[in-house]
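Below: one structure, written as structure tokens.
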2 protein chains.
Amino acid sequence: MPVNDLHDAAALPQTTSVTSATQGAYNAIRRMILVGDLRPGEKLKIDVLKARLDTGASPVREALSLLTSDQLVERIDQRGFRAAPACQRNFDEILKLRCALEDMALRQSIANADDAWEEHAVLSLHRMSREDSKTSDTYEDLHKGFHMALLANCGSPILLKFCSQLYDLNVRYRYLAGRSLDYKSRHVGDEHAEILAAAVKRDVGLASDRLLSHYQKTGAFLRQSGLVSES
Amino acid sequence: MPVNDLHDAAALPQTTSVTSATQGAYNAIRRMILVGDLRPGEKLKIDVLKARLDTGASPVREALSLLTSDQLVERIDQRGFRAAPACQRNFDEILKLRCALEDMALRQSIANADDAWEEHAVLSLHRMSREDSKTSDTYEDLHKGFHMALLANCGSPILLKFCSQLYDLNVRYRYLAGRSLDYKSRHVGDEHAEILAAAVKRDVGLASDRLLSHYQKTGAFLRQSGLVSES
DNA sequence: TAGCAGACAAATATCGACTTTCTGTCAAAG
DNA sequence: CTTTGACAGAAAGTCGATATTTGTCTGCTA
């Protein structure tokens, strides 16, 4: 299973059976960073992770190298690795870029619309809605799955990868702001449904507006509830 | 020296003194892929690279993992690494994305314009023009340096990294099409100067037009001269 | 003759030990 | 009292060897 699998992002929750130790370490560390278990800027010592994941040093090092792709880990030559720092400025940048790139991707995706894409998007929304526990990890996967499904038809794998990366970076800030805050006082379910409805109607402008508004609202929400601004 | 150093992209040609074996392997393999020494889709066997670079397996593996970030290498779990494939479709995608993202970056860069940025861009052009051998490696570095210097002031490190990646991916296609073809029958020097002039005049629209036209011309040029289209 | 099973060869992935580099502390000098 | 230098501990980086996996080739069977 390739590391960067974009197209299956909306697939069923992956079997946790992991083929290689590197892959397992990659998943585990990625999750720890996204969830905030490893704090922004924190030094990632090989020995510590090695013990925590019960693996050798090689898989850990390689996983960390791979996580550099996702901008979740910084590599400092001869000085090891650290979790990517977080700050208000960085958050704003991510939000802005996300809006720009996803807008682009969504428009292209709708322009190329076909039945398979549409049905996949509908299914993704359905699966997400069905999952009631909004704090669970699988919900996060399904949520990402839905958003990626909307963009999946844009015909540009590289653009998709960028969007996927930015999504993850953004998710981390959600957790940093306190996972419980998010989604509480808002009707995100409705927002998702409305975005999908516009997309299904092939209304590019409306879909894009709704998507961006969705992100801006979430962004304002997070900003207001105070971001962690360490290192 | 960090692997992902965007801000110094236009700095003087880097000292070749390499601190870590991984870093050395990274640079060497990256160059081999960009230049076409390692063909698209080619299997990258650890033993072979290990011997060729006179290093251990660990640095090679880690370098390959890092090159995954740049989309220059594909990692297939339990099946090793291979150089990223190349095809017409991929080239078109890169060109299109590049135009979109660099347009964005250039506009922001000019919007934030200040003296330091402007002078850095002027210097970068000068250094590139001074280098007469247009085929040498250092010219390639200076050329990238100039283009990145134009964008450097956009205030978005992530966007810059994306542009840098796309630049590299594009460079590879230049080499694939035959390094000598490029730049031969065109006055790229003039085009560069004109882009810079527009940027210095803070004429956002003109600068963007000229930049995109520059890329489109190069793109058409490469497309016409026939791309390698092997898996 | 086509297809499948098993074994052999090659290459990847992983481990554990060794070397190099960094970091923090403590003492001596300015 | 601050600063500089060296030493010791810790951590990163690297190497060589081993274990697992994959791909291929052969030979048997229907």
Side-chain angles (χ1 to χ4, degrees), chain A residues 1-5 14-30 32-33 38-39 41-69 72-85 231, chain B residues 1-5 14-30 32-33 38-39 41-69 72-85 231:
Chain A
M1 177 187 306
V3 168
N4 309 312
D5 202 348
Q14 300 171 0
T15 59
T16 48
S17 74
V18 164
T19 52
S20 67
T22 297
Q23 197 58 229
Y26 173 85
N27 290 333
I29 300 176
R30 173 173 172 278
M32 286 194 284
I33 293 178
L38 297 170
R39 309 291 304 175
E42 180 177 346
K43 183 133 211 317
L44 303 178
K45 293 184 196 165
I46 309 286
D47 287 337
V48 175
L49 291 174
K50 195 176 78 167
R52 198 157 164 185
L53 303 179
D54 191 40
T55 322
S58 312
V60 170
R61 286 188 67 82
E62 209 161 314
L64 289 172
S65 292
L66 288 172
L67 281 164
T68 296
S69 321
L72 288 173
V73 165
E74 268 186 6
R75 178 199 177 80
I76 315 170
D77 198 72
Q78 303 287 53
R79 223 163 298 181
F81 302 85
R82 60 178 49 220
S231 104
Chain B
M1 181 187 301
V3 168
N4 310 311
D5 202 347
Q14 301 171 1
T15 58
T16 48
S17 73
V18 164
T19 52
S20 68
T22 297
Q23 198 58 227
Y26 173 85
N27 291 334
I29 299 175
R30 173 174 172 276
M32 287 194 282
I33 293 179
L38 297 171
R39 307 294 301 177
E42 180 176 346
K43 184 133 210 319
L44 304 177
K45 294 184 195 162
I46 309 287
D47 287 336
V48 175
L49 291 174
K50 195 176 77 166
R52 199 157 164 186
L53 303 179
D54 190 42
T55 318
S58 311
V60 171
R61 285 189 66 82
E62 209 160 313
L64 289 172
S65 291
L66 288 172
L67 281 163
T68 296
S69 321
L72 289 173
V73 165
E74 267 186 9
R75 179 199 177 81
I76 316 171
D77 198 71
Q78 302 287 58
R79 224 165 298 180
F81 303 85
R82 60 178 50 220
S231 86

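Proteins come first, then strands; the chains are lettered A, B, ... in the order of their sequence lines, and each starts at number 1.
- Considering only side-chain atoms of A/Gln78, the nucleotide from C/dT21, C/dC15, D/dC15 that sits closest is C/dT21.
- The minimum heavy-atom distance linking A/Ala83 with A/Arg39 is given by the pair CB-O, 3.3 Å.
- Residue A/Leu44 is classed as a sugar-phosphate contact, given heavy-atom separations below 4.0 Å to backbone atoms only.
- When each of D/dG13, C/dC15, D/dT22 is scored by its nearest atom to the side-chain atoms of A/Ser58, the top-ranked nucleotide is C/dC15.
- Among the nucleotides C/dC15, C/dA13, C/dT14, the one closest to any side-chain atom of B/Phe81 is C/dA13.
- Each of A/Arg79 and B/Ala57 has a nearest nucleotide on DNA chain C; the 5'-most of these lies closest to B/Ala57.
- As judged by a 4.0 angstrom heavy-atom cut-off over every strand, B/Lys50 is placed among residues making no nucleic acid contact.
- Summarising the geometry, the separation between CZ on B/Arg82 and C1' on D/dT22 is reported as 14 Å, rounded to the nearest angstrom.
- Residues A/Met32 and A/Glu42 have side chains not in contact (no heavy-atom distance under 4.5 Å, counting atoms from C-beta outward).
- Nucleotide D/dA12 holds its C1' atom 9 Å from the CG atom of A/Asp47, rounded to whole Å.
- Dashed line: the shortest gap from a side-chain N or O of A/Thr22 to OP1 or OP2 of C/dT14 is under 4.0 Å.
- Within the nucleic acid shown, B/Ser20 comes within 4.0 Å of sugar-phosphate atoms alone, with no base atom in reach, counting heavy atoms only.
- The two residues A/Pro59 and A/Thr22 make their nearest non-hydrogen contact at CA-OG1, 3.7 Å.
- Distance from the side chain of B/Arg61 is smallest to C/dT12 among D/dG13, D/dA11, C/dT12.
- The side chain to side chain contact (heavy atoms under 4.5 Å, CB included) test with A/Phe81 singles out one residue from A/Arg61, A/Lys45, A/Lys43, and that residue is A/Arg61.
- Rounded to whole Å, atom C1' of D/dA12 lies 14 Å from atom CD of B/Gln23.
- When rounded to the nearest whole Å, the span between OH of B/Tyr26 and C1' of D/dG13 equals 18 Å.
- One atom, CD of B/Glu62, and another, C1' of C/dA13, lie 14 Å apart when rounded to the nearest Å.
- One interatomic measurement links the two molecules: CG of B/Leu64 to C1' of C/dT12, which rounds to 12 Å at whole-angstrom precision.
- Side-chain contact between A/Ile46 and A/Leu64: present, with at least one pair of heavy atoms (C-beta onward) separated by less than 4.5 Å.
- One can place CG of B/Asp77 at 12 Å from P of D/dT21, the figure rounded to the nearest angstrom.
- If you take CD1 of A/Ile46 and C1' of D/dT14, they are 13 Å apart, rounded to a whole angstrom.
- Comparing C/dA11, C/dT14, D/dA11 by their nearest atom to the side chain of A/Ala21 picks out C/dT14.
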